[in-house]
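Notes follow the structure.
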Amino acid sequence: MPKLTIDGMPIEVEPGTSVLQACEMLGVEVPRFCYHDRLSVAANCRMCLVEMEKAPKPVASCAMPCSEGMVIKTNSPLARNARRGVMEFLLINHPLDCPICDQGGECDLQDQAMAYGFDRGRYGETKRAVKDKELGPLIKTVMTRCIHCTRCIRFAEEIAGVPELGATGRGEHMEVGTYIEQAITSELSGNLVDVCPVGALTSKPYAFSARPWELRKAESIDVLDAVGSNIRIDLRGGEVLRVLPRLNDDVNEEWISDKTRYACDGLKRQRLDRPFIRRDGKLKPASWNEAFAAIAARLKGVPGERIAALAGDLCDAEAMVALKDLMAGLGSPNLDCRQDGAAFDTSCRAGYLFNSTIAGIEKADVILLVGTDPRHEAPLVNARIRKRYRRGGLQVGVIGPGVDLTYPTTYLGAGPPTLQEIAEGRHDFAAKLKAAKHPLLILGAGALARPDGLAVQAAARLVAESCGLIRDGWNGYNVLQLAAARVGGLDLGFLPGTDGRGTRGILDGAGKGEIEVVFLLGADEIDASRLGQAFVIYQGHHGDRGAHRADVVLPGAAYTEKNGTYVNTEGRPQQGRRANFPPGEAREDWTILRALSEVLGCKLPYDSLAQIRQRLVDANPVFAHTDAVIAAAWGSFGQPGSLDGPPFKSPIENFYMTDPISRASVTMAQCAEAFVSPATGKTGTHG
Amino acid sequence: MSSAAAIAVEQPESFAFSPENRARAERIVAKYPPGRQASAVLPLLDLAQRQSDNWLPRAAMDHVAEFLSMPRIRVYEVATFYTMFNKTPVGKHFVQICTTTPCWLRGSADLVHACERKLGISMGETTPDNQFTVIEAECLGACVNAPMVQIGDHYYEDLDGPGMEALLDALARGEVPAPGSQIGRSTSCSVKGPTTLLHVPKRQASEPEAAPAAEPDLATAAADDAAATVDAGAGVETAGADIGTETADSGESGSPKTKPRSRARAKSKTDAGTAD
């Protein structure tokens with residue numbers, strides 16, 4: 001391993017480490033624009049020049065591999081002067097429009113100009129100007145500000161897998177763009193804003209909203225898919241202005257999906273800010289006491305088996321455990337957290353988790369995707385698979401919708417019969433899985449939310465067992481959940497009790513009048529018309545499908561407004577922290593249930609966040625291990641059955657509108673119009 | 001040419017290689033190792049440009065991208081990088097006047113004026129009848145015979161204002177003037193013939209046979225060279241001559257099939273004469 005000296009400090013590094021990386025290990029800061037940890041090295045900005053002894057001129061540290069005996073000086077007069085020169089050239093064509101630039105205050109060029117810039121320019125000619133590009137509803141461009149670092153080009157090609165950006169023209173006339181005007185068709189395009197070191201690519205919805213120093217930052221967890229991306233919420237006053245990714249190499253690295261980033265404007269629209277009671281067929285505002293009284297009056301004398309509860313996709317574990325305890329208090333066994341109607345076997349935790357973990361995808365060499373479209377169901381899982389693909393030697397087989405996943409796949413079949421063939425070892429792909437070192441199967445949530453879900457689950461288990469997906473230290477059986485609340489609900493046992501009804505049973509029962517009262521905890525994805533004459537209590541944060549059908553509406557908190565625990569698809573409990581307060585009279589969800597329980601005469605035994613968190617741990621010890629994945633023991637699950645059902649299809653038709661928050665978001669509506677095919681994107685109002 | 005201007009041009013709906021060009025393209029691609037077919041992007045773009053009236057419509061770039069399984073933007077990047085690819089339509093005779101310093105010192109401004117006067121257009125414009133496009137070009141590498149212009153695939157050297165006008169007249173009449181020096185100079189020799197090494201010392205008897213023996217008659221040597229090139233151009237397609245020679249016959253400039261590689265430096269009255 002090469003040993004070298006940087007600024008007088010000796011260091012020994014892995015072969016292949018660049019000088020810049022070695023500098024970072026020592027805590028020596030080297031300015032850079034084009035270099036990015038997760039992108040290929042372009043070495044075209046020349047800002048990271050350092051002095052290397054015995055070299056005739058400064059070297060670009062990002063592209064210089066460390067070698068034995070190197071002596072690097074990062075802060076010598078030569079290096080400093082070289083960087084000053086680079087900065088002067090960069091500023092020649094950069095408009096000094098910082099006062100009207102959205103990047104101001106968080107701009108790499110601005111920051112580094114403080115260190116290496118000069119207080120006046122020596123360039124007297126006219127600056128070049130570049131026409132702005134139209135990249136869709138998410139990214140605003142001011143291309144004159146572009147310093148040609150090519151990070152966006154590399155991001156689009158390498159991470160997002162949509163080679164649509166490029167540098168056209170040459171020299172003075174070089175422009176970064178798509179050449180033909182087109183929006184970037186990626187679910188990760190918002191990250192271009194983050195990788196751009198200057199104000200050339202900025203967030204369109206956030207344009208001219210705030211300066212970074214005005215913002216309050218809160219660290220939280222995203223709930224719009226089951227990945228549980230780590231996010232930072234930026235607020236001014238009580239208003240959520242934007243969502244940015246937070247670094248977590250195990251989950252989202254440093255990317256987030258466009259829905260995570262841009263759906264936050266939905267938090268301000270369609271909100272339930274006070275309780276409502278349906279009177280004369282219309283929802284009328286009411287006080288909390290009136291709403292609770294109305295619920296208590298309706299529930300009086302209703303036996304437990306005629307009451308049911310459904311938990312939605314965005315619920316925190318605290319609210320679900322409170323509702324579960326409340327239903328237990330009311331004597332109801334009818335509860336389910338799988339509002340998509342999936343009835344898979346939950347007896348074994350490994351049977352519904354993404355067992356290999358998301359980071360584990362990077363080990364895989366053969367991947368079988370069953371009934372899933374990870375690009376739209378979990379863009380960051382797809383980005384991981386693509387990352388693995390770029391390293392080479394990955395084979396991906398697909399059973400289900402043959403969609404473009406940004407990496408080459410082998411289409412094996414459309415439906416369950418193909419899965420059956422693999423499970424029975426009759427298919428070529430079974431041999432590939434068997435021969436693989438780290439074989440992986442990803443079973444989509446859509447493949448389980450079918451009448452033959454149990455049989456699909458059993459077949460997938462059979463594939464896992466017969467093809468060697470389960471071995472020492474490796475579990476390649478993965479379920480890609482869709483909802484942030486799902487694994488938490490399953491871990492808490494928010495499931496039908498003895499003789500209880502699941503989602504299908506509850507809806508059927510409500511339709512037939514066997515269920516009189518249905519409590520919907522943020523459950524908006526059910527067919528509300530099937531609730532029949534049931535008395536519907538909706539607790540949630542948006543006036544969406546559930547609230548429209550409700551008889552009593554209890555206004556809850558959205559994910560930014562509560563301290564909530566969410567278990568992602570890997571089974572990793574993560575805690576989101578409250579960033580602001582729910583609007584109006586709305587409250588944190590578990591506190592609403594705690595208050596309601598008192599009115600209903602079955603008081604829940606927790607009064608503080610600490611106490612309810614303890615209740616979570618009592619319900620399932622995994623909740624004690626925040627941010628960690630506790631490997632689930634393998635077991636038997638599923639129920640072998642006939643596998644001749646229809647082809648698999650992805651449950652996500654419109655990536656940009658999957659939940660009450662994104663449906664309320666104007667930005668997401670614009671995206672749906674721009675990116676989703678007219679067939680699904682257009683609504684009745686399109687004439 | 002900014003990309004914005006190129007986008008604004010009216011683009012043909014579609015483009016596809018003609019069967020002959022398709023076969024040619026496949027031969028070019030076959031020269032590269034499997035999986036490296038993108039290396040063929042330059043010769044294929046050239047082929048596409050020759051097929052579509054000396055400019056590259058977007059459909060042609062898209063076709064090349066598809067042919068080579070490349071993302072379209074990667075082809076746009078290449079096509080916009082090289083000034084030899086025209087992203088907007090050009091006239092039948094594409095006149096590139098070298099105005100870089102040596103040509104300028106030798107009077108390239110006169111050529112520019114001659115063109116502007118004769119054709120009634122400024123630099124970068126096309127005549128209304130789509131016969132001529134005139135642009136300024138950076139050094140075309142024929143400084144010895146400055147000033148010069150490139151028209152289509154051919155170099156016309158040692159020009160002056162009236163010579164340029166005569167050239168344009170000839171082209172307008174549909175003739176193909178002989179390329180090379182327009183004052184009878186042989187390749188880049190001195191106009192007045194050889195000025196040095198005029199006397200070859202007699203070989204001493206004791207010297208070995210391998211010493212240079214032949215008369216260093218430059219004109220003859222050039223003619224020999226040119227003849228060799230002509231053979232290559234007229235005969236079978238050779239591996240090294242795909243862009244120039246192989247595709248020269250696909251050009252529709254009406255030049256005889258036996259024209260040598262036009263950008264080859266061995267351009268002279270002699271070789272033109274040999275070719276004809």
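Each chain gets a letter, A, B and so on, in the order the sequences are listed, and its residues count up from 1.
- Distance alone, capped at 3.5 Å, is enough to place a donor-acceptor pair between the B:T80 side chain and the A:G169 backbone.
- More than 12 heavy atoms of other residues, nucleotides or ligands lie within 6.0 Å of CZ in A:R32, so this atom counts as buried by the packing criterion.
- Counted within 6.0 Å of CZ on A:F89, heavy atoms from surrounding residues, nucleotides or ligands total 12 or fewer; the atom is thus considered open.
- In the displayed structure, A:R170 atom CZ is contacted under 6.0 Å by more than 12 heavy atoms of other residues, nucleotides or ligands.
- Side chains of B:Y76 and A:I180 form a contact here, defined as non-hydrogen atoms less than 4.5 Å apart.
- For A:I153, the part lying near chain B is the side chain, with the backbone staying farther off; criterion is any non-hydrogen pair under 4.5 Å.
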Note to self: Under the criterion side chain to side chain contact (heavy atoms under 4.5 Å, CB included), I'd like the reasoning laid out for A:H173 against B:F81: C-alpha separation, chi angles, the key distance, then a yes or no.
What the structure shows: CA-CA 9 Å; A:H173 302 289; B:F81 184 85; over 6 Å; no
Margin query: side chain to side chain contact (heavy atoms under 4.5 Å, CB included), that's the test. Do A:Y179 and B:M61 meet it? Break it down for me.
Written below: CA-CA 12 Å; A:Y179 193 62; B:M61 295 190 263; 3.9 Å; yes
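- Summarising the local packing, CZ of B:R72 is surrounded by 12 or fewer heavy atoms from other residues, nucleotides or ligands at distances under 6.0 Å.
- Residues B:R74 and A:P163 meet the side-chain proximity criterion, which asks for heavy atoms closer than 4.5 Å.
- Heavy-atom contacts from other residues, nucleotides or ligands closer than 6.0 Å to NZ of A:K437 number 12 or fewer.
- Not one N or O on the side chain of B:E77 forms a donor-acceptor pair closer than 3.5 Å with the backbone of A:T168.
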